[in-house]
Amino acid sequence: MDKVTTRFAPSPTGFLHMGGVRTALYNFLYARKNNGSFVLRIEDTDTARNREEWATGLVDDLAWLGLSHDVFAKQSERTQVYRDAVKKLIDSGHAYISKETPTEAGQREEVVRFKNQNKVVTIQDIVRGEVKVDTTDLKDFIIARSINEPLYHLAVVIDDALMGITHVIRGEEHLSNTPRQILIQEALGYSRPVYAHLPLMLANDKSKLSKRKHGEAVSLTFYRASGYLPHAILNFLLLIGWNPGTDEEFFTLEEMVKRFDLTKVQKGGGVFNVEKLNWINKHYILQMTQEEQWEWIDRFTPKEYNREMLRRIQSILIDRISAFGDIQKLFDNGEFIYFFKNPSYNNVSIAWKDTSIQTTIQHLQEALRSLSEIQNVRWSADVIKESIWDYAEQHGKGAVLWPVRVALTGSEKSVDPFTVASCIGQEETTSRLLNAIKHIS
RNA sequence: GGCCUCAUCGUCUAGCCUGGUCCAGGACGCGACCCUCUCACGGUCGAAACUCGGGUUCAAAUCCCGAUGAGGUCACCA
């Protein structure tokens, strides 16, 4: 039996989108599972729309995801192969040169059309089962703009055959195109690969995920830039359209390879839902070591934020984010900025509920007093808490702790006062308490 | 519009092939409560679905037919 060979064949006309990533993943997994070969083929026959940087980006994105390929090819470097095939088709009477009247700029006066025999094609699709299509209404479709310029369907068929692709795993949008490819395939005397048409990756409105319609948030680039982990993305995408039939949700790449099974692929399209991605990403962030987390935090946080403080509040940050890009969003929203600069008390009430100003000042002064008794070397959240806890319990935790916390943060919502105090240090804590007292006096 | 595909909680889905164990299971999200000075985390509990109509059968989410709905595709794009 032939060695299992799959391929991912994107065209470099834009960013790699999430549907494409899943297609790549499934192809990769199926090849690896069967000790086969995974081909990455850049489909750049449309010279007008291709751009080299997109091709480079595609390769880079796949590498970042860890979806390594065994064979790399570019259609633009294979023109001779296509030319030979076109000649062969014409010589054998399966295709002919046709005179045309161009209706748009760039169109040729002569193109190569396939001579359609109008037969019924029956496809055995792994995920869809048997699909029968009458190819009559395809007419004599165009397969090349000229002998040197093959069109998509022709190039795909030739490449798949010559590269020994055994399994064509691609999105359902190609199901309708399959009959015409099979026609070309048969005319060229190639054997037919196994087809598996994957359910579509849908947007919230249930239509096919597309950049034009749904914006940047459909491209891998967006998630990469937002600090999502490559493996979390793969794990998330894996589960849209496939599942192991158990309740398991997390898989290492090795487990994916071992468990993946084309016959368990879903038929219905699946909506790309970010909440679940966030949850999976968070799960993997929590699995990282502190050092690993730090590398990402450092990379995704603007330089102006003090790294020493950033390190101190690492676990707090990790607690609040689902992707590393969220850190900047948090800071941009004004959250946690009290770790980096003095708070202002202008838009916040320092006193707790209906506690009087007098009493609040008393509490703040008491906090100041007991905190000043802590030896600087012992300055830590636990010690700080211990030093004011009894007093707070006696006089009402809200009445005491709220003003202390607001004095330190200038915010109604924040991390607890003990942690904040321990992070900003004894001197700064003292200074902020003093400022707060001054502010309400 | 022609052709093709699909149809279980808001979303991802298990179950469907091999009808009964399903007044339909899990997860995300959501809600409530607990924890708690606030926020977040965490814990507990909860609401939430078999598109509709026929048929087959003692019995249908599961099989058959039809309707409806949704999506895809019909380029000298891929």
Side-chain angles (χ1 to χ4, degrees), chain A residues 9-14 43-46 48-50 75 98 100 102-113 123 125 127-129 131-139 141-146 149 151-153 155-156 170-180 197 199-200 202 204-208 236 238-249 263-264 266-280 282 286 315-321 330 335-336 348 352-353 355 392 396-406 409 411-417:
Chain A
S11 63
T13 53
E43 311 232 316
D44 53 355
T45 49
D46 183 1
R49 297 199 311 152
N50 295 322
Q75 291 188 326
S98 163
E100 306 286 325
T103 54
E104 279 174 45
Q107 291 191 336
R108 303 292 190 269
E109 304 210 340
E110 279 187 358
V111 297
V112 182
R113 285 186 182 271
I123 307 164
D125 190 282
V127 345
R128 320 258 146 205
V131 180
K132 277 189 173 165
V133 184
D134 183 348
T135 60
T136 305
D137 35 327
L138 258 31
K139 305 275 172 36
F141 54 92
I142 302 175
I143 55 175
R145 306 179 73 205
S146 74
E149 299 166 291
L151 253 19
Y152 170 70
H153 296 295
V156 165
R170 69 215 321 190
E172 200 205 305
E173 69 267 28
H174 290 289
L175 184 57
S176 308
N177 292 150
T178 305
R180 84 179 67 199
H197 285 94
L200 257 18
L202 311 174
N204 285 322
D205 64 358
K206 302 256 187 188
S207 69
K208 193 174 96 171
F236 166 67
L238 173 74
L239 267 5
I240 298 184
W242 179 88
N243 73 80
T246 65
D247 290 342
E248 297 156 280
E249 308 215 72
T263 65
K264 287 182 82 82
Q266 229 71 239
K267 285 184 171 75
V271 173
F272 178 95
N273 109 297
V274 200
E275 275 82 35
K276 189 118 184 187
L277 205 212
N278 286 340
W279 177 73
I280 290 179
K282 173 105 189 190
L286 261 14
S315 62
I316 298 167
L317 256 17
I318 291 294
D319 209 36
R320 317 272 169 143
I321 60 169
L330 244 27
E335 287 183 64
F336 302 120
V348 67
W352 165 251
K353 291 184 176 169
T355 309
K397 283 183 280 188
V400 177
L401 297 176
W402 172 277
V404 170
R405 193 176 53 72
V406 173
T409 65
S411 172
E412 293 184 342
K413 303 170 181 178
S414 78
V415 174
D416 71 86

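Quick note on labels: first sequence line is chain A, next is B, and so on, each numbered from 1.
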Determine whether any donor atom in the side chain of A:Arg49 lies under 3.5 Å from an acceptor atom in the base of B:C77, or the reverse, and answer yes or no.
-> yes
Do A:Pro179 and A:Lys132 touch side chain to side chain, with heavy atoms closer than 4.5 Å?
-> no
Figure out the CZ/P separation between A:Phe141 and B:C77, and round it to whole Å.
-> 14 Å
According to a strict under-4.0 Å criterion, is A:Arg145 in side-chain N/O contact with OP1 or OP2 of B:C77?
-> yes
List the steps and the verdict of salt bridge (charged side-chain N to carboxylate O under 4.0 Å, His left out) for A:Glu149 and A:Arg108.
-> CA-CA 11 Å; A:Glu149 299 166 291; A:Arg108 303 292 190 269; 2.6 Å; yes
C1' gap between B:A40 and B:U21, integer Å | 43 Å
Between P of B:C3 and CD of A:Glu172, the distance in whole Å | 17 Å
Once you round it to whole Å, what is the distance between C1' of B:C76 and NZ of A:Lys139?
-> 17 Å
How are the rings of A:Trp402 and A:Trp352 set to each other: parallel, tilted or perpendicular (split at 30° and 60°)?
-> tilted
Quickly work out the A:Lys267 NZ to B:U13 P distance and round it to whole Å.
-> 13 Å
Classify the nucleic acid contact of A:Val131 as base, sugar-phosphate or nothing, counting any heavy atom under 4.0 Å across all strands shown.
-> sugar-phosphate
Looking only at atom P, what distance separates B:U51 and B:G46, rounded to whole Å?
-> 25 Å
Verify whether one side chain among A:Arg170 and A:Thr178 offers a donor that lies under 3.5 Å from an acceptor in the other.
-> yes
Taking the P atom of each, how far is B:C4 from B:C30, in whole Å?
-> 42 Å
Quick one: the side chain of A:Asn177 and the base of B:A78, do they pair up donor-acceptor inside 3.5 Å?
-> yes
For nucleotides B:A47 and B:G10, find the distance between their C1' atoms and express it as a whole number of Å.
-> 12 Å
For A:Asp125, all residues meeting side-chain hydrogen bond (donor to acceptor under 3.5 Å, both in side chains), sequence neighbours excluded = A:His197
When every nucleotide of nucleotides 34-44 of chain B is labelled 5' to 3' by its protein contacts under 4.0 Å (heavy atoms), B for base, S for sugar-phosphate only, - for none, what sequence of letters results?
-> ---BBBBS---
Heavy-atom side-chain proximity of A:Val271 to A:Asn204 below 4.5 angstrom | yes
A:Leu175 CG - B:U5 C1' separation (whole Å) = 6 Å
In Å and rounded to the nearest 0.5 Å, what is the CG to CG distance from A:Leu202 to A:Asn273?
-> 11.5 Å
Sort me out a list of protein N/O and nucleotides 10-12 of chain B N/O pairs below 3.5 Å, or just none if empty.
unit_1	atom_1	unit_2	atom_2	d
B:U11	OP1	A:Lys206	NZ	3.1
B:C12	OP1	A:Val271	N	2.8
B:C12	O2'	A:Leu239	O	3.0

In whole angstrom, give the distance that lies between atom CG of A:Asn204 and atom P of B:G29.
-> 15 Å
Inter-nucleotide P distance (B:C50, B:U11), Å rounded | 12 Å
Answer with base, sugar-phosphate or nothing: what part of the nucleic acid does A:Thr246 contact at a heavy-atom distance below 4.0 Å?
-> nothing
Would you indicate what A:Ser176 reaches in the nucleic acid, counting non-hydrogen atoms under 4.0 angstrom: base, sugar-phosphate, or nothing?
-> base
When the distance from NE2 of A:His153 to C1' of B:C76 is rounded to whole Å, what number comes out?
-> 12 Å
Is a donor on one side and an acceptor on the other found under 3.5 Å between the side chain of A:Arg145 and the backbone of A:Leu151?
-> no
When all nucleic acid strands are considered with a 4.0 Å heavy-atom cut-off, which category describes A:Pro179: base, sugar-phosphate, or nothing?
-> nothing
Carboxylate-amine/guanidinium contact A:Lys208 A:Glu172, below 4.0 Å | no
Scanning both residues in full, the closest heavy-atom pair of A:Phe236 with A:Leu277 reads CD2-CG, 3.6 Å
Looking only at atom C1', what distance separates B:A67 and B:A27, rounded to whole Å?
-> 34 Å
A:Arg180 CZ to B:A75 P, in whole Å, measures 7 Å
Give a yes or no on whether a salt bridge exists between A:Arg113 and A:Glu100, defined as a side-chain N under 4.0 angstrom from a carboxylate O.
-> yes
Determine the contact category for A:His197: base if any of its heavy atoms lies under 4.0 Å from a base atom, sugar-phosphate if only primed atoms, P, OP1 or OP2 are that close, otherwise nothing.
-> nothing
